[in-house]
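Sequence lines set the chain letters: A, B, ... in the order given, protein chains first and strands last, and positions in each chain run from 1. What you see below is based on every heavy atom in this structure, not just the backbone, and it leaves out hydrogens, waters and symmetry mates.
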2 protein chains.
Amino acid sequence: MKNSTLRTLLSHRSIREYKDKKVEEEKIEDIVEAGMQAPFVSQMYSVIMEKEKENIPFDAPILFTICVDVYKIKKVMEKRDWELVTNDLTLLIFGIQDAAYMAQNMVVAAESMGLGTCYLGSPVMTARHLKEKYNLPEKVFPVVQLVVGYPRERPPVRPRYPLEFVLFEDEYPKFSDEDIERAMETMDQGFLQEDYYRKLNAMISVKSKDEDDLTYDDYSWTEHISRKWGQWYDELEGQMEKLEACGFELSGED
Amino acid sequence: MKNSTLRTLLSHRSIREYKDKKVEEEKIEDIVEAGMQAPFVSQMYSVIMEKEKENIPFDAPILFTICVDVYKIKKVMEKRDWELVTNDLTLLIFGIQDAAYMAQNMVVAAESMGLGTCYLGSPVMTARHLKEKYNLPEKVFPVVQLVVGYPRERPPVRPRYPLEFVLFEDEYPKFSDEDIERAMETMDQGFLQEDYYRKLNAMISVKSKDEDDLTYDDYSWTEHISRKWGQWYDELEGQMEKLEACGFELSGED
């Protein structure tokens, strides 16, 4: 018999339909305070909240934008007569962790209170726009958004890789073809059974082809991620520019 | 009255003394499976586990190394006749999130079962060594380690910034001097009351000074992070080399 926290963790699924119902102020506070209590490197995070706005995805009542925040560290250091010297790449690697630990605690806290959540990865691409919209100072990078509200759907828990494709004792194994194929089948069958991509209408098209070889009868997770990482975000420079626009210098030309 | 998941989240503190007691196999499985159920971008994670080894910090029974894993994605894509084109910086930004969401769920799961945990941020610096030790393939970067075991200490919950220094509605505010000073005082007084740095013997020395201006009576959190980010990891190139050694090319020279 698993405890209720484990049951909350194991029953997570992203929610994309929400009730027209506000989230109580106490619950919002509980969510953010639970987030802040995550272990941290240097509390390099800030959260912007929007409530009951037109533009929140899935008509949800709340949208959190979780940012890597090195601006506050700088301000604190100035007060102590110190100057920030750590390079921006190292700060980002630690800062993304800080922000993600906080975000994930927020997800768990919200779900433990019967709320639904969904991450949006788009800030990594739209950082410049969000910086302007939220008036973010230099050295603040919005890394992920989190939609929260009362769920109006009850989807099944989504598949994951088999445990033996994730957890390794003492060293990283050599995978056999069968290991990889088994992991792929677990994912693909799981999403196909749920008719996941058809319901979401989320097929990514193949740029080089006018007509698709696949339909929603056979398009599943491994094809979806292949079309993403096989076609999108190829330019290193484009990503660097987004970070530079937010005050993180990674080109070594500073 | 907060539910038990919230109580688990809010009572987190890192544990640095462990009992000489094994962690049950079922609990290890629960921890990792709870980790895997976190929301993910592309399951870009792998976990290496060491058990009951000489070299685990704090004599804890278990050490997990949580890695950003793009190697598995590449393998999956090859099987589908796709080639990875996304740049390594974007992959890292998403991959660190995947790994961190998983790691944080592991922390929460472990603590809900009475176990203690402590993150170690050192892999960001020792990646090359860990790659060799664990035989990590190309495009796997160890981002954080997690010590787990039965706690032999019961420290208080550590302070955090005030909520109003973290959560902002609609836009990022302009901080007054008082806002910053209040946040600093909350942190510093909290750690001083606990005599945290003296107990850990964790003072970072000032490179440019033979004698320190501060003692453990006044050395606290804001000075600690200032000495870290004011003296350590200044070279962008050094961090890039660590990532390159693990197969992530960020210099744009590829």
Side-chain angles (χ1 to χ4, degrees), chain A residues 3-6 8-10 12 14 30 32 34 36-37 39 41-43 46-49 75-77 80 82 84-87 89-90 93 96-97 100-101 104-105 108-109 112 119 121 124 134-136 160-161 166-169 171-172 180 184 222-223 225-226 229-230 233-234 236 239 252, chain B residues 3-6 8-10 12 14 30 32 34 36-37 39 41-43 46-49 75-77 80 82-87 89-90 93 96-97 100-101 104-105 108-109 112 119 121 124 134-136 160-161 166-169 171-172 180 184 222 225-226 229-230 233-234 236 239 252:
Chain A
N3 70 51
S4 70
T5 302
L6 282 176
T8 296
L9 294 168
L10 291 169
H12 162 79
S14 297
D30 281 343
V32 181
M36 291 168 63
Q37 212 53 47
V41 183
S42 288
Q43 294 187 89
S46 283
V47 177
I48 315 283
M49 173 172 62
K75 286 283 164 196
V76 165
M77 289 176 70
R80 297 208 67 99
W82 279 94
L84 183 69
V85 303
T86 303
N87 74 84
L89 180 57
T90 302
I93 296 174
I96 295 173
Q97 290 182 66
Y101 298 148
Q104 187 54 27
N105 262 16
V108 176
S112 79
Y119 277 141
V124 173
Y134 294 137
N135 204 15
L136 304 179
R160 294 295 187 266
Y161 283 145
V166 172
L167 177 66
F168 312 125
E169 200 159 342
E171 69 169 344
Y172 202 100
I180 298 166
M184 292 174 71
T222 61
E223 182 69 15
I225 62 156
S226 296
W229 309 122
Y233 321 131
D234 56 327
L236 175 65
Q239 188 66 65
Chain B
N3 70 50
S4 70
T5 302
L6 283 175
T8 296
L9 294 168
L10 292 169
H12 163 79
S14 296
D30 280 344
V32 180
M36 291 168 63
Q37 212 54 48
V41 182
S42 288
Q43 294 188 90
S46 283
V47 178
I48 315 284
M49 173 173 62
K75 285 283 164 195
V76 164
M77 289 176 71
R80 296 209 67 99
W82 278 94
E83 203 186 322
L84 183 69
V85 303
T86 304
N87 75 83
L89 180 57
T90 302
I93 296 175
I96 295 172
Q97 290 182 66
Y101 298 147
Q104 188 54 26
N105 261 15
V108 177
S112 79
Y119 277 142
V124 173
Y134 294 137
N135 204 16
L136 303 178
R160 293 295 187 267
Y161 283 145
V166 172
L167 177 67
F168 313 125
E169 201 159 341
E171 69 169 346
Y172 201 101
I180 297 165
M184 292 173 72
T222 61
I225 62 156
S226 295
W229 309 121
Y233 320 133
D234 56 327
L236 176 65
Q239 188 66 67

Write down the atom of [X], the atom of [Y], and the distance for their closest heavy-atom approach.
X: B/S112; Y: A/T5; answer: CB-CB, 3.5 Å
X: A/M49; Y: B/L167; answer: CB-CD1, 4.0 Å
X: A/A34; Y: B/L9; answer: CB-CD1, 3.9 Å
X: A/F168; Y: B/S46; answer: CE1-OG, 3.5 Å
X: A/Y172; Y: B/N135; answer: CB-O, 3.5 Å

Closest-packed option against chain B by number of heavy-atom pairs under 4.5 Å, given [options]:
options: A/G121, A/G230, A/A100, A/A109; value: A/G230
options: A/L136, A/L10, A/I225, A/V41; value: A/L10
options: A/K75, A/E171, A/Q37, A/E169; value: A/Q37
options: A/Y134, A/W229, A/Y119; value: A/W229

Tell me whether A/D30 contacts the main-chain N or O of B/L6 through its side chain, where contact means a donor paired with an acceptor under 3.5 Å. no

Does the B/N87 side chain pair with the main chain of A/Q239, one donor and one acceptor, at a distance under 3.5 Å? no

Residue list, side chain to side chain donor-acceptor pair (under 3.5 Å) with B/Q97, at least two apart or on another chain: B/Y101

Checking heavy atoms, do the side chain of [X], its backbone, both or neither come under 4.5 Å from chain B?
X: A/M184; answer: side chain
X: A/I180; answer: side chain
X: A/V166; answer: both

So which residue, B/R160, B/H12, B/Q104, ends up with the most heavy-atom pairs under 4.5 Å with chain A? B/R160

Distance, nearest 0.5 Å, that separates CG of B/L84 from CG of A/D234: 10.5 Å

Determine whether the side chains of B/R80 and A/S226 contain a donor N or O and an acceptor N or O closer than 3.5 Å. no

Against chain A, label [X] side chain, backbone, both or neither, depending on which of its atoms sit under 4.5 Å from a heavy atom there.
X: B/T8; answer: side chain
X: B/Y161; answer: both
X: B/N3; answer: side chain

Could you list the residues that satisfy ring pair (Phe, Tyr, Trp, His ring centres under 6.0 Å) with A/Y233, not counting sequence neighbours? none

